[in-house]
Amino acid sequence: METLQYTIRKLIYSIPLLFGVTLIAFTLMVYFGPDLTDSILGKNPTAEQIADVRSELGYDAPFFVRYFMFLKEVVTFDFGSSMSSGEDVRSILARTVPVSFAVALPAFILSNLLGVGLALLAAYHRGGFWDKFVMVFAVVGMSVSYLMIVIAFQIIFSTSYGLNWFPVQGWIDPPPDYPDATFFEIAYYYWYNYWLYVTVPTLASIFVALGYNTRFFRAVIVEELNRDYVRTARAYGIGNGTIMLKHVLKNALIPIATRIIISLPFVIIAGNLLLEKFFGIPGVGLVTYDAITNGDLPVVKAVVTSTAILYVFALILTDIAYKVIDPRITYSK
Amino acid sequence: MPSQLNRLTVAGALLGLLCFGLTACKKPFADRDQKNPVYRHSSNGAPVSIDPASASTLYENEMVTTVYDQLFEYRYLARPYELKPRLAASLPEASADGLTYTIRLKKGIRFADDPCFPDGKGREVVAADFIYSIKRVFDPKNLPQGEWVWRGKIKGLDEWKAAGSDYAQPVEGLKALDDHTIQITLNAPFPQLTYTLAMGYSSVVPREAVEYYGKEFALNPVGSGPYKLDSFSTRRAVFVRNENYREEYFDLEQEGYDPATQAWTGVEELQGKRLPIMDRVEYYFMQESMTRWNSLNKGNEIHFGGIPVELTHMVADQLKPLKLKPEYAEKFTGMNQPDFGFVYLPINMADPRIGHHPDPEQDRKNLLLRKAIRSAFDWDQRNERFYNNIGIIFPGIIPPGLDAHDPDLPRHYVTADYEQGRRYLEEGGWTAETLPELTYGGVASVQNMQLFEQFRGWMEKIGYPREKIVLKTYATFGDYNRAVRNKELTFVSGGWGLDYPDSENVLQLFYGPNKSPGSNASNYDNPEYNALFQKTKPMQPGPERTKLYRRMNEIILEDVPTIAGLTRNSTAIWHKNVIILPSRNPHGSLLKYIYLKPKTEEADD
């Protein structure tokens, strides 16, 4: 009950926060964002045609009129149509967000799980071989440019210069139209192609994310290992595995959960421009990048707003997670 | 330590097994009959809109001309480019005064089946569709980009727009004499009209589709062209044969085949084939050149691509002409494909520090300054460093392949001569202190930065102070365009893609009334040049017009409102079992002619 009340209270408090975020985002987009006019004028425009286009795009309306229109769009989550392609922005998001999510999810899960595992290993063997090995691996992952990793992984796993196991680029096509295809055949088709296209991007993402995650998680766990209760537990003769997993990890979970939950909005909506560009994945990252460079404001507004809303939810979720992880925590009024 | 290493080995082996396990899994539907082969094309850019009224880029034009018909098209193999009828039954009949064009349409041409039509069956294309389609290009609601093509040209069209673009209202110069006859009346003779009717902007669209799909029409094209769009995303477009496409067969003679220069492509094999040849074409948009190359070289993904500049020497023994290394020559065929356009560096003539000046003495000094800058510009080095040394350098603004191109112009206009540059500065009385600060503009990118540094290096060689050549970059192309249109830059790093093979299309770049915000980025306004341009506007192609065009080119060379020019070449490369002769603009889409021979393993993939 306390959690529910807290959640509702946080949701209400988040309204002015969202209002502020939208105002700042909109101001930035209007005054510093690209102007689509000069991108869509033909080769030999006249001053009159420039005025026509600006009027069609709504650029000539006063700032507050445009902002209130924007607020209406946020409330109804109807951002209209893309200025470039005319496609409904909700359709664009509905088409691309699941793809980006599907690509990001395995890497997100694995890099966090492996990160925690490696951090436990490194922290337990602090100063020893495994600690150094894991940290060297982490530093390498953090130091090498993401772009280089993506190119290297593509060459190693996908090209005829390397192992040639996976496609260079692409995404799952609708299954072939066989009238007698069974449900299992179609399910297998999707399963097979999903892993075919997602494995190399996932490996590249894990390689990079693992370094950051492991270093962070290790620092948190090492701090826990220095606490008195660990020494006490050891004095009681509790096994190392139990101490690490049942006590240390549990107590380290709050910063770990915070980091993981806060990164969720990126996994859900931000997409990954580099992966999408290099592996030909039709996700939201590429759409957002194109929208920013083309000045396609409806798409930019939708992505910025969705990310802001998801962030607010992530913050609330983090607070709820604290209570779940440690029931002693109470929510102040 | 050994046991730790063993664990490591085991972990590595497990990862390898996981990957190998997946690749070793049975391919879905492997035991079924595979469908017809699919040809997979690729380009290095992506289209956004497939609405003919607003589709302006090379990539968008390819999409549009794949799905839609225009009245005319270019013969596939003829060089120089020649028009032939597409939707039209024959080339247009022009009145003696050059003001009225009558065009007859082929009968029985149908739009592709689509839910926008009653019962989903595509109806016949009629003259009224063409008129509706041109009106759309003048309707601001469509954010059209092709309006400039016919602005001021077709009688009553500008007025129709000014009166609110009401489709119920007629346009005096656009008439459907009957269902299959169009009459276009011009305000003044416009010899390039027929070329413009082969451009993507002139595509014939059905009103039903525009009304049915509303704003999403741009991604739901319905045309009478050889293919229908099956799906579209940021990474690819999939086209399937338009079952309503007319009976059209490949004819070598009609396409302008030249065995002496084109036999190597294997196009003879296409003779008599019904168009489009392939049932399904997948068109991939791959901006990353390494990804595009890897996908092509893999063997079972795309069939057509390019060689990244960084890998050129790994793949090819020589570039001019293209000769692939033996291991690649076994798999691929390729050629250097000239761009239909050129790169040049307009100088802002509206800037009194370097351009025209009311004071004759200052005007003379400014001209010498521009000449000095041109003398320092090393086209050969630019070609070598940035264009694989396969670009074509030419003096002036009329590139090879156009009617008025003059191959005998002196080469000193495009040859760096630093000594001469310094002499010009001296003659003009310019010193390091008096030389003005110049702004070089471009979109923020590594290559633009490199181009600028190269340019600044040349300027230093003629004694221009380094700090007086300033780079100004812009986040997007739109922002850059705005700066150009606001005359903020001294040098505009520019390129021009030709719209049709007539020198008028480049000469208009320096026509005074076209200055910013128009296409005249130099803001050049020379009364003599303008008068010649006006005089040649109504002239039909011929020696007299060519002479005047060449004179205009000479004026540009004498007055130096730009440093020009170079036509880029890009290397196209494709699998051995593909028959194609690539060409970019003015052709538009060539997909209907492409043939993937069904012998190889990749054809079965």
Side-chain angles (χ1 to χ4, degrees), chain A residues 34-47 49-50 52-53 55-56 81 83-88 95-96 129-130 151 154-155 157-160 164-171 175-176 178 181 185 188-189 192-193 195-196 199 277-282 286-287 290 293-295, chain B residues 1 4 8 19-20 22-23 25-29 32 35 46 48-49 51 54 56 140-141 143-149 151 214-219 231 233-236 284-288 290-291 294-295 297-299 301 475-482 485 499 508 514 517-520:
Chain A
D35 182 334
L36 189 61
T37 315
D38 291 280
S39 303
I40 62 171
L41 285 165
K43 278 183 165 178
N44 204 351
T46 57
Q49 196 193 350
I50 294 172
D52 283 348
V53 170
S55 168
E56 274 304 317
S81 304
M83 285 172 173
S84 307
S85 68
E87 188 179 4
D88 186 277
R95 177 165 53 78
T96 55
F129 168 80
W130 282 110
I151 293 173
Q154 189 177 61
I155 290 173
F157 289 103
S158 305
T159 70
S160 47
N164 209 3
W165 285 349
F166 296 93
V168 172
Q169 55 84 39
W171 188 242
Y178 295 119
E185 279 182 304
Y188 178 66
Y189 171 87
Y192 177 92
N193 280 294
W195 288 109
L196 198 64
T199 303
K277 268 190 117 171
F278 275 84
F279 291 99
I281 297 164
L286 205 49
V287 167
D290 287 343
T293 52
N294 293 334
Chain B
M1 182 69 88
Q4 286 163 341
L8 255 184
C19 295
F20 180 74
L22 182 64
T23 54
C25 279
K26 193 177 140 193
K27 209 173 162 186
F29 300 112
R32 309 291 183 108
K35 293 204 164 174
V48 176
S49 165
D51 179 346
S54 57
S56 62
K141 285 195 290 298
L143 297 173
Q145 300 209 31
E147 187 194 316
W148 64 273
V149 177
R151 187 188 301 135
K215 283 191 168 176
E216 300 206 350
F217 171 68
L219 296 180
S231 66
S233 72
T234 46
R235 87 182 172 95
R236 74 167 186 186
Y284 290 81
F285 315 126
M286 303 171 92
Q287 281 148 310
E288 294 305 327
M290 281 303 292
T291 301
N294 286 333
S295 182
N297 192 37
K298 194 175 172 73
E301 291 190 5
T476 68
F477 196 64
D479 292 343
Y480 173 59
N481 273 346
R482 188 170 41 199
R485 282 169 185 153
D499 301 288
Q508 58 87 26
N514 285 352
S519 56
N520 178 358

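Chain identifiers are assigned alphabetically (A, B, ...) following the order of the sequence lines, protein sequences preceding nucleic acid strands; residue numbering begins at 1 within each chain.
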Please round to the nearest 0.5 Å and tell me the distance separating atom [atom1] of [X] and atom [atom2] of [Y].
X       : Y       : atom1 : atom2 : result
R235(B) : I281(A) : CZ    : CD1   : 9.0 Å
S295(B) : Y284(B) : OG    : OH    : 8.0 Å
T37(A)  : Q49(A)  : OG1   : CD    : 11.0 Å

- Message: Is E216(B) in contact with chain A via its backbone, its side chain, both, or neither, using a 4.5 Å heavy-atom distance?
- Response: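 E216(B) touches chain A through backbone and side-chain heavy atoms alike.
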- Query: What part of S233(B) is in contact with chain A, defined as an atom under 4.5 angstrom from a non-hydrogen atom: side chain, backbone, both or neither?
  - Reply: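 S233(B) touches chain A through backbone and side-chain heavy atoms alike.
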- Query: If you take all heavy atoms of P140(B) and E56(A), which pair is closest and at what distance?
  - Reply: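 That would be O-CG, 3.2 Å.
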- Structural part of I50(A) lying under 4.5 Å from a heavy atom of chain B: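 The side chain, not the backbone.
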- Message: At a 4.5 Å cut-off on heavy atoms, which part of D88(A) comes close to chain B: side chain, backbone, both, or neither?
- Response: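 Contact with chain B is through both the backbone and side chain of D88(A).
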So which residue, [options], ends up with the most heavy-atom pairs under 4.5 Å with chain B?
options                          : value
S158(A), S55(A), P167(A), A47(A) : P167(A)
T46(A), D290(A), V53(A)          : T46(A)
E87(A), Q169(A), M83(A)          : Q169(A)

- Out of M290(B), M286(B), K141(B), which one racks up the most heavy-atom pairs below 4.5 Å with chain A?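 The residue among M290(B), M286(B), K141(B) with the greatest pair count is K141(B).
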- Message: Quick check on the interface: out of D479(B), T234(B), V149(B), L143(B), who has the most heavy-atom pairs with chain A under 4.5 Å?
- Response: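 Maximum pair count with chain A is reached by L143(B).
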- Go through the steps to decide whether T291(B) and F279(A) satisfy the test side chain to side chain contact (heavy atoms under 4.5 Å, CB included), and finish with yes or no. CA-CA 7 Å; T291(B) 301; F279(A) 291 99; over 6 Å; no
- Mutual orientation of the aromatic rings belonging to F157(A) and F166(A) [parallel < 30°, tilted 30-60°, perpendicular > 60°]: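 Perpendicular, since the angle between the ring planes exceeds 60°.
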- Message: Checking the side chain of N514(B) only, and the main-chain atoms of Q508(B) only, is there a donor and an acceptor separated by less than 3.5 Å?
- Response: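 Answer holds: yes.
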